[in-house]
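Inspection log for the structure reproduced underneath, given as structure tokens.
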Amino acid sequence: MRVAIVGAGAVGRSIAGELLANGHTVMLIEKDGRKVKTRAVPGAEWVQADACEVSSLEEAQLATCDVVVAATGDDKANLVVSLLAKTEFAVNRVVARVKDPRNEWLYTEAWGVDVAVSTPRVLAALVEEAVTVGDVVRLMSFRKGAANLVEITLAEDTPWVGKALRDVPLPRETVLTAILRGDRVITPTPDEPLEAGDELLFVTHADVEDQLKDVLAPESTGRA
């Protein structure tokens, strides 16, 4: 993919490095000349410009990008970049960094945002995921909450230990995407038997998360 990252601070450079390592083409757009450090991410294309200006984005040929990541430390700038990327340049996927969690409610499709990433929220979710058994932990939301990536770890007393996935009555609008078992990542198949301690990753709708918990976790389930 061709990815444009707006904001070449520590966050933007780190994202760029990861994407380059995975074989993608990366363009870093940074307004502040002091942050244009081409040696820090040598494989990236660097553009010094104000990404909140349509003319700057036209010169950078933003329309050729598959994904735009708004990764500055300014929520206002990230929202403007997201809106321009989606409405003016028809970028397929817009990912935006939420600097202040109090502004997260603004990061919606109305502002062109497909995925909003709030570091405090992600860190909190990862802490919950690491210590919680039997509860549904929301890791990430997509499309204004229309779909969520959630995790649930099976407790010892779940009724589904040893049962095949085909026997589990999952709620509507719920898809099991992966099973994490020890250091293994297992692709779910109907015949795969479940084990205590399995971490199940689902994409589901918020309205059925409670149903998912009711199916997979008995009332007695507590925290690890």
So, the side chain of Trp160 versus the backbone of Val215: is there a donor-acceptor pair under 3.5 Å, distance only? yes

Flag, side chain of Asn22 to backbone of Glu18, donor-acceptor distance under 3.5 Å: yes

Which of Asn78, Val80, Val11, Ile5 passes side chain to side chain contact (heavy atoms under 4.5 Å, CB included) with Thr72? Answer is Asn78

Heavy-atom nearest pair, Leu57 first then Ala51, reads CD1-O, 3.3 Å

Flag, side chain of Thr174 to backbone of Arg172, donor-acceptor distance under 3.5 Å: yes

* Report yes if the side chains of Val47 and Leu28 come closer than 4.5 Å at any heavy-atom pair, otherwise no. => no

Regarding Ser56 and Asp50, is there a side-chain donor-to-acceptor distance under 3.5 Å anywhere? no

Under 3.5 Å, is there a donor-acceptor pair between the side chain of Asp198 and the main chain of Glu195? yes

Is any side-chain heavy atom of Met27 closer than 4.5 Å to one of Cys65? yes

Check your understanding: Quick check: does any side chain N or O of Glu30 sit under 3.5 Å from a backbone N or O of Asp32, one acting as donor and the other as acceptor?
Key -> yes

Tell me whether Thr204 contacts the main-chain N or O of Glu173 through its side chain, where contact means a donor paired with an acceptor under 3.5 Å. yes

**Message:** Quick check against the 3.5 Å criterion: does Thr158 have a side-chain atom that pairs as donor or acceptor with the backbone of Leu154?
**Reply:** no

Q. Any side-chain heavy atom of Val54 within less than 4.5 Å of one from Leu84?
A. yes

| query | Got Val95 and Val68 here, is their nearest side-chain heavy-atom distance under 4.5 Å? | reply | no

- Is the backbone of Ala147 close enough, under 3.5 Å, to the side chain of His205 for a donor and an acceptor to pair up by distance? no

| task | Take Arg2 and Glu45, measure what salt bridge (Lys or Arg N to Asp or Glu O under 4.0 Å) needs, and give me the verdict at the end. | result | CA-CA 11 Å; Arg2 177 170 171 79; Glu45 174 187 349; 3.2 Å; yes

Distance col, row Ile186:CD1 vs Glu192:CD, nearest 0.5 angstrom, shows 5.0 Å

| query | Is the backbone of Val117 close enough, under 3.5 Å, to the side chain of Tyr107 for a donor and an acceptor to pair up by distance? | reply | no

Exercise. State, yes or no, whether a side-chain contact exists between Leu212 and Leu216 at a heavy-atom distance under 4.5 Å.
Key: yes

Go through it in stages, so that I can follow the logic: the residues are Lys99 and Asp74, the test is salt bridge (Lys or Arg N to Asp or Glu O under 4.0 Å), and I'd like the CA-CA distance, side-chain angles, deciding distance and then a yes or no. CA-CA 7 Å; Lys99 175 66 173 179; Asp74 185 333; over 6 Å; no

key: Sub-4.5 Å side-chain heavy-atom contact between Phe202 and Thr177   = no

request  = Mind running side chain to side chain contact (heavy atoms under 4.5 Å, CB included) on Asp75 and Leu106 for me, showing each step along the way?
outcome  = CA-CA 9 Å; Asp75 283 336; Leu106 289 167; over 6 Å; no

### Message
Side-chain heavy atoms nearer than 4.5 Å, only ILVMFWY residues, links allowed to pass through others: does that put Ile152 and Leu194 together?
### Response
yes

**OP:** Take atom CG of Asp210 as the centre, draw a 6.0 Å sphere, and report whether it contains more than 12 heavy atoms from other residues, nucleotides or ligands.
**Re:** no

- Query: With the 4.5 Å side-chain cut-off for hydrophobic clustering, are Leu62 and Val115 part of the same group?
  - Reply: no

* Lys86 with Asp114: basic N within carboxylate O range, under 4.0 Å -> yes

>> Under a 3.5 Å cutoff, is there a donor and acceptor pairing between the side chains of Asn92 and Asp66?
In response: no

Does the side chain of Leu176 come within less than 4.5 Å of Leu165's, by heavy atoms? yes

